[in-house]
Amino acid sequence: MNPTTPQEIAREAVKLLAARRLPPTPDHFQAAYHEVAGTRPLQPFPLAQLRQIAQGLPERTPAQARFKALFNRAVARHSWEDLEKVLVQHLGSTAAPLTDPPSATAVPRAAPPSGEAPAGPATSAGGEAPIQPEIA
């Protein structure tokens, strides 16, 4: 007989914990409950991490301020759908690729004095250093 009600599933989950000699901690019970029910546990919403990201978002332009407000609203609502819409809309409106191939707009740097390593990547005309992919 497959358990169908929440009470039956919980009872079977406790039996499973006892059979495995696991203490009935919340994490163990949750894992056993979902195993018996054949479901997956919900992932918690990373509220603290997203609030930390929101604090670092710039507000120098009206578009940035609007994006930050919408981002904060989506985070406050714990809404993945709203967060996705805000990110897709904002990134679609900026339409700048994350990594640009070298172009004629790059500002060349002067060669470092002999024996010294270069200070870093050349900056673009906008003054921002291009993002370099990490090589493992």
Side-chain angles (χ1 to χ4, degrees):
M1 170 178 122
N2 287 337
T4 57
T5 66
Q7 294 83 358
E8 292 172 343
I9 294 170
R11 188 175 302 114
E12 290 300 315
V14 170
K15 288 179 185 178
L16 183 62
L17 291 176
R20 293 180 179 169
R21 297 179 184 252
L22 292 172
T25 64
D27 288 338
H28 288 160
F29 180 77
Q30 180 184 35
Y33 184 93
H34 286 290
E35 182 179 335
V36 170
T39 58
R40 292 185 359 208
L42 295 174
Q43 296 296 320
F45 192 81
L47 185 62
Q49 293 87 348
L50 290 172
R51 283 184 174 162
Q52 185 177 359
I53 290 170
Q55 286 179 343
L57 292 174
E59 297 180 84
R60 291 185 290 269
T61 67
Q64 289 174 338
R66 181 175 182 275
F67 172 73
K68 186 172 184 175
L70 293 172
F71 186 93
N72 281 325
R73 186 175 304 137
V75 169
R77 290 179 158 174
H78 297 217
S79 173
W80 285 114
E81 293 88 15
D82 289 352
L83 198 53
E84 179 183 5
K85 287 177 188 174
V86 167
L87 288 168
V88 169
Q89 179 184 11
H90 180 71
L91 294 174
S93 68
T94 58
L98 289 178
T99 56
D100 293 328
S103 68
T105 61
V107 176
R109 288 191 173 193
S114 62
E116 291 183 24
T123 58
S124 66
E128 298 177 9
I131 297 173
Q132 299 295 325
E134 293 184 13
I135 300 173

Acceptor/donor pairs from residues 44-52 side chains to any protein atom, 3.5 angstrom cut, sequence neighbours excluded:
none

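- One distance of note links CG of Leu70 with CD of Gln89; it measures 7.0 Å at 0.5 Å rounding.
- For the pair Tyr33 and Leu16, the minimum side-chain heavy-atom distance is 4.5 Å or more.
- Every residue two or more places apart in sequence or in another chain was checked for a side chain to side chain donor-acceptor pair (under 3.5 Å) with Arg40, and none qualifies.
- With sequence neighbours excluded, no residue forms a salt bridge (Lys or Arg N to Asp or Glu O under 4.0 Å) with Lys85.
- Considering only residues two or more places apart in sequence or on other chains, Arg60 meets the salt bridge (Lys or Arg N to Asp or Glu O under 4.0 Å) condition with none of them.
- Minimum interatomic distance between Glu12 and Pro3 (heavy atoms only, all atoms of both residues): CG-CG, 3.8 Å.
- When the side chain to side chain donor-acceptor pair (under 3.5 Å) test is applied to Glu84, no partner is found at least two apart in sequence or on another chain.
- Atom-to-atom distance recorded for Trp80:CH2 and Leu87:CG is 9.5 Å, nearest 0.5 angstrom.
- Applying the salt bridge (charged side-chain N to carboxylate O under 4.0 Å, His left out) test to every pair with at least one member in residues 61-79, sequence neighbours left out, gives these pairs: Glu59-Lys68, Arg77-Asp82.
- Residues Leu57 and Leu83 fall within the same hydrophobic cluster, defined by Ile, Leu, Val, Met, Phe, Trp and Tyr side chains chained together at heavy-atom separations under 4.5 Å.
- When all heavy atoms of Gln30 and Pro41 are compared, the closest pair comes out as NE2-CB, 3.7 Å.
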